[in-house]
Amino acid sequence: MESADSITKTRTIGKRFSGRTAIVLCLLLVAGVMQGQKKELKKAVHAIQSGWLSELNSTRKNTPPYTGISGLMYKDSLLVGQDAIEGMWKRLNGEDRILKYDTITFFQLYENQMLVHGVYTTAGGTKIPGVIAWKYDQRWYKAFEAVAPKSDRMGDHKTEIGLLRSSWELYANQHRPDLIVKNIFSSKGKYFYRGKVHKAMEIAEAYGYMRDKSYSINLTPRKIIPFNDRLVCEIGIYDAGGKGLYVLLWGMEGDDWKLLLDFNF
C-alpha cells in the first residue's frame with residue numbers, strides 16, 4: 001500500500017504535469033491561431049496581386065494597389081505616386097506582356113506589414129524578380145516595390161555588401177549619418193520613407209535621429225536576392241529598441257557596390 005507521502009507526491013506531480021500540459025496546449029493554440037491569421041493575410045495580398053495583374057491585361061479598371069505615396073523602384077529609377085507607377089507598369093506590359101506572378105517568400109513581424117519576394121514572368125520568357133512591401137491601412141496596398149529584369153550572370157556581391165552593411169551599422173552607432181551618405185550610398189542613392197524621397201545630404205538630415213547619443217541599431221539580413229549582376233535586394237530586420245523590416249537595394253557604381261535605396265516601414 002502507498003504511504004500518504006507517496007500519494008501526496010503523486011498528486012502534486014500530476015497537478016504540475018497537468019498545468020504544464022495546459023500551458024503547452026494554450027501556446028500551441030495561440031501559435032495555430034497566429035499561423036491561420038498569417039495564411040489569411042497571405043491569401044489576401046495574393047488575391048490583390050492576382051487581381052491587379054489581371055486588370056493590367058484587360059480593360060477593367062478597379063482600385064489599384066497603390067496610393068499617392070507609394071513607390072516603385074524599377075532598376076535604379078524610383079517613381080512615386082499611383083499615376084507614375086501605373087504608367088510604368090502599362091509601358092512595361094506593353095513592351096512584353098506580364099503573364100503571371102509567383103510568390104516565393106513572405107516576411108512578417110506585424111499584422112499590418114508584410115514583405116513579399118516574388119517573380120513576374122513575361123510572354124517573352126523574361127523573369128522579373130522583385131520585393132513588395134505591403135501595408136494595411138483600411139485596405140492592403142503596396143507601400144513600396146522594387147523590381148528589375150533578371151540576368152544570366154550574377155556578380156560576386158556577398159562579401160562587399162556584407163562589409164558595407166557593417167560599415168552602415170558602425171557609422172549609425174557612432175552617430176555619424178553623414179558618413180553613411182559619404183561612404184555607403186551611391187551618388188544616385190535615396191532614402192524612401194513614408195512616401196518621401198531623400199537624396200544626397202537630405203538623407204543625413206532624415207537620419208538625424210542617429211545623432212542621439214543613446215541611439216543604436218542592429219541589422220540582421222534575412223534574405224539576399226540577386227536581381228541581376230548589377231542589382232541586389234536585401235531583406236532584413238532592424239532592431240533599434242523596436243524591431244521592423246527593411247529593404248536595401250545595392251547597385252554597382254563603376255566597379256564598386258553602393259547603396260542605391262533604403263526603405264523601411
Side-chain angles (χ1 to χ4, degrees), residues 27-56 62-67 69-74 78 85 89 98-122 127-150 154 157-158 161 165 192-195 217-228 231-240 242-250 260-265:
L27 290 174
L28 289 173
L29 179 61
V30 170
V33 170
M34 290 178 67
Q35 192 65 29
Q37 289 175 339
K38 285 184 178 181
K39 285 183 179 179
E40 289 303 313
L41 294 179
K42 290 176 182 178
K43 286 181 181 178
V45 297
H46 179 74
I48 295 169
Q49 178 73 345
S50 298
W52 166 77
L53 188 55
S54 177
E55 290 159 17
L56 192 63
N62 292 317
T63 304
Y66 299 99
T67 70
I69 59 172
S70 294
L72 171 68
M73 188 81 168
Y74 178 67
L78 178 63
I85 294 171
W89 278 117
I98 301 169
L99 296 181
K100 65 174 183 172
Y101 176 84
D102 294 305
T103 299
I104 298 174
T105 319
F106 289 85
F107 297 88
Q108 188 175 16
L109 290 179
Y110 307 108
E111 286 186 351
N112 65 335
Q113 300 172 357
M114 188 186 303
L115 292 179
V116 180
H117 169 210
V119 178
Y120 294 94
T121 302
T122 71
K127 300 291 185 181
I128 307 175
V131 170
I132 303 173
W134 291 94
K135 187 171 182 179
Y136 186 84
D137 184 5
Q138 299 183 332
R139 69 180 179 102
W140 282 103
Y141 69 92
K142 298 182 184 183
F144 175 69
E145 183 168 14
V147 293
K150 186 178 180 180
M154 292 298 169
H157 56 269
K158 290 184 179 179
I161 286 174
R165 184 193 315 107
F192 183 61
Y193 182 64
R194 295 185 178 179
I217 190 170
N218 175 259
L219 302 181
T220 303
R222 294 295 304 277
K223 191 167 188 179
I224 307 296
I225 307 162
F227 284 177
N228 50 55
L231 189 62
V232 172
C233 184
E234 175 181 328
I235 293 173
I237 296 174
Y238 68 84
D239 188 347
K243 292 184 178 181
L245 294 168
Y246 72 79
V247 175
L248 297 177
L249 284 172
W250 303 96
L260 272 178
L261 184 130
D262 173 13
F263 166 85
N264 62 276
F265 287 107

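Heavy-atom basis, side chains included; hydrogens, waters and symmetry copies ignored.
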| message | Could you check whether any side-chain heavy atom of Asp239 comes within less than 4.5 Å of a side-chain heavy atom of Thr220, counting everything from C-beta outward? | response | no

| said: Show the nearest heavy-atom pair for residues Phe227 and Gly130, with the distance to one decimal. | reply: CZ-CA, 3.7 Å

| query | Is the number of heavy atoms from other residues, nucleotides or ligands under 6.0 Å of Lys223 NZ greater than 12? | reply | yes

| field | Lys142 and Gln49 side chains, donor-acceptor separation under 3.5 Å | value | yes

| Residues in side chain to side chain contact (heavy atoms under 4.5 Å, CB included) with Pro64, at least two apart? | Tyr66, Gln82, Glu86

| said: If I take atom CZ from residue Phe265 and atom CG from residue Leu109, how far apart are they, to the nearest 0.5 angstrom? | reply: 9.5 Å

| side-chain hydrogen bond (donor to acceptor under 3.5 Å, both in side chains) between Lys127 and Thr121: does it pass, once the steps are laid out? | CA-CA 5 Å; Lys127 300 291 185 181; Thr121 302; 3.1 Å; yes

| field | Distance, nearest 0.5 Å, that separates CD1 of Ile48 from CH2 of Trp140 | value | 8.0 Å

| task | Might you work through the side chain to side chain contact (heavy atoms under 4.5 Å, CB included) test for Leu41 and Tyr136, ending with a clear yes or no? | result | CA-CA 10 Å; Leu41 294 179; Tyr136 186 84; over 6 Å; no

| request: Quick one: sort the Trp89 and Trp52 rings into parallel, tilted or perpendicular, breaks at 30° and 60°. | output: perpendicular

| From Leu78 atom CG to Leu261 atom CG, the distance as rounded to the nearest 0.5 Å | 6.0 Å

| How are the rings of Phe144 and Phe192 set relative to one another: parallel (under 30°), tilted (30 to 60°) or perpendicular (over 60°)? | tilted

| query | Below 4.5 Å, heavy atoms only, C-beta onward: do Asn218 and Ile237 meet side chain to side chain? | reply | no

| query | Hey, are the side chains of Met114 and Phe107 touching, using non-hydrogen atoms and a 4.5 Å cut-off? | reply | no

| task | Please assess Ile235 against Ile225 for the test side chain to side chain contact (heavy atoms under 4.5 Å, CB included), listing each intermediate value before the final yes or no. | result | CA-CA 8 Å; Ile235 293 173; Ile225 307 162; 3.8 Å; yes

| Greater than 12 external heavy atoms within 6.0 Å of His117's NE2 | yes

| Aromatic plane relationship, Tyr238 with Tyr246 - under 30° parallel, 30 to 60° tilted, over 60° perpendicular | tilted

| OH/Tyr101 to CD1/Ile128 distance, rounded to the nearest 0.5 angstrom? | 11.5 Å

| request: Answer yes or no: is there a side-chain heavy-atom contact under 4.5 Å between Asn264 and Leu245? | output: no

| field | Residues Arg165 and Glu234 bridged, charged N to O under 4.0 Å | value | yes

| Side-chain heavy atoms of Pro129 within contact of Val147, under 4.5 Å | no

| said: Taking the side chain as everything from C-beta on, heavy atoms only, tell me whether Thr105 gets closer than 4.5 Å to Val116. | reply: no

| field | Pro149 versus Tyr74, closest heavy-atom pair with distance | value | CG-OH, 3.7 Å

| Quick check: does any side chain N or O of Ser50 sit under 3.5 Å from a backbone N or O of His46, one acting as donor and the other as acceptor? | yes

| message | Is the shortest side-chain heavy-atom distance between Phe106 and Val45 below 4.5 Å? | response | yes

| field | CA sep, side-chain torsions, deciding dist, call: Val232, Ile224, side chain to side chain contact (heavy atoms under 4.5 Å, CB included) | value | CA-CA 7 Å; Val232 172; Ile224 307 296; 3.5 Å; yes

| request: Taking atom CZ of Arg139 as the centre, report whether more than 12 heavy atoms of other residues, nucleotides or ligands fall under 6.0 Å from it. | output: yes

| query | Salt bridge check: are Lys135 and Asp137 linked by an N-O gap of less than 4.0 Å? | reply | no

| Heavy-atom distance under 4.5 Å between the side chains of Val119 and Ile104, does that happen here? | yes

| remark: Value for OG (Ser70) from CD1 (Ile85), rounded to nearest 0.5 Å, stands at 5.0 Å

| request: Go through the steps to decide whether Thr122 and Leu99 satisfy the test side chain to side chain contact (heavy atoms under 4.5 Å, CB included), and finish with yes or no. | output: CA-CA 5 Å; Thr122 71; Leu99 296 181; over 6 Å; no

| remark: CH2 of Trp134 to NZ of Lys42, rounded to nearest 0.5 Å, is 14.5 Å

| Smallest separation among heavy atoms of Leu249 and Met73, with atom names | CD1-CG, 3.5 Å

